[in-house]
Amino acid sequence: MKTPKEPTEAHRNFFKDVHDVVRLVPAGRVTTYGAIAHYLGARNGARMVGWAMMAAHPLVGPTAVPAHRVINRLGLLTGRQHFATSTAMQEALEAEGVHVEDDQVQDFQRLFWDPSKELA
DNA sequence: TGCGTGACGTGAA
DNA sequence: TTTCACGCCACGC
């Protein structure tokens, strides 16, 4: 079957899973694409995590995903360009107490929230 | 139907 | 040491 639309019940929607993990990120904390990807088992799936964010962009309300808390491994707000405004991501982080300077999260390593470690 | 793209990360040269 | 290239999965065209 070349079109395994449902290979098994374990058909874990990567997007759905990513959204769920990001939603668990507490305010004032930040995580990375790689951390989420690794938590999902996809060590190289960091790219797709970004896709999930973009797909979750239009989501609002209970399904809203704090994409502004998800940044790259370097602590840079790489996805800010996809937000409503170039500063929306930074504004949201600062509103939670996260200091952002030059599109880079200060004390990123300290505010880093690892799902596989916190949720473990 | 099939190919390329895409908010990244890691490994190797 | 820094830089280049590759790899992953899913979605869009």
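These numbers come from the heavy atoms of this one structure, side chains and all, not from hydrogens, waters or symmetry mates. Below, read A as the first sequence line, B as the second, and so on, with proteins coming before strands; counting in each chain starts at 1.
Under the 4.5 Å side-chain criterion, counting only non-hydrogen atoms from C-beta, A/V70 is not in contact with A/V25. At least one side-chain heavy atom of A/R69 sits less than 4.5 Å from a side-chain heavy atom of A/E96. The shortest side-chain heavy-atom distance between A/E118 and A/R29 does not fall under the 4.5 Å cut-off. Inter-residue side-chain proximity for A/L119 and A/W113 is flagged as met; some heavy-atom pair is nearer than 4.5 Å. Side-chain contact between A/D114 and A/H38 is absent, with no heavy-atom pair separated by less than 4.5 Å.
Summarising the geometry, the separation between CZ on A/R80 and P on B/dC8 is reported as 13 Å, rounded to the nearest angstrom.
When the nucleotides C/dC8, C/dA10, B/dA7 are ranked by their closest atom to the side chain of A/F15, C/dA10 comes out on top. The A/A67 side chain lies nearest to B/dA7 when the options are B/dA7, B/dC8, C/dC9. In this structure, the nucleotide among C/dG7, B/dA7, C/dA10 sitting nearest to the side chain of A/R47 is C/dG7.
Salt-bridge annotation for A/D107 and A/R110: present, with a side-chain N of the basic residue lying under 4.0 Å from a carboxylate O of the acidic one.
Proximity of a side-chain donor or acceptor of A/T87 to a complementary backbone N or O of A/Q90 within less than 3.5 Å is not detected. Put simply, the side chain of A/H19 gets close to the backbone of A/A52: a donor and an acceptor are under 3.5 Å apart.
Residue A/A37 is out of contact with every strand shown, counting any heavy-atom pair closer than 4.0 Å.
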Short N/O separations, protein against nucleotides 9-13 of chain B, under 3.5 angstrom:
unit_1, atom_1, unit_2, atom_2, d
B/dG9, OP1, A/R73, N, 2.5
B/dG9, OP2, A/R73, N, 2.8

Considering only nitrogen or oxygen atoms on both sides, find all protein atoms under 3.5 Å from nucleotides 2-4 of chain C and state each distance.
none

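Consecutive pairing runs in DNA chain B reach the stem threshold at B:2-6 with C:9-13, B:8-13 with C:2-7, where a stem means at least three Watson-Crick or G-U wobble pairs with distances under 3.5 Å.
For the C1' atom pair drawn from C/dC6 and B/dG4, the interatomic distance equals 16 Å after rounding to whole Å. Only the C1' atoms considered, C/dT3 is 22 Å distant from B/dA7, to the nearest whole Å.
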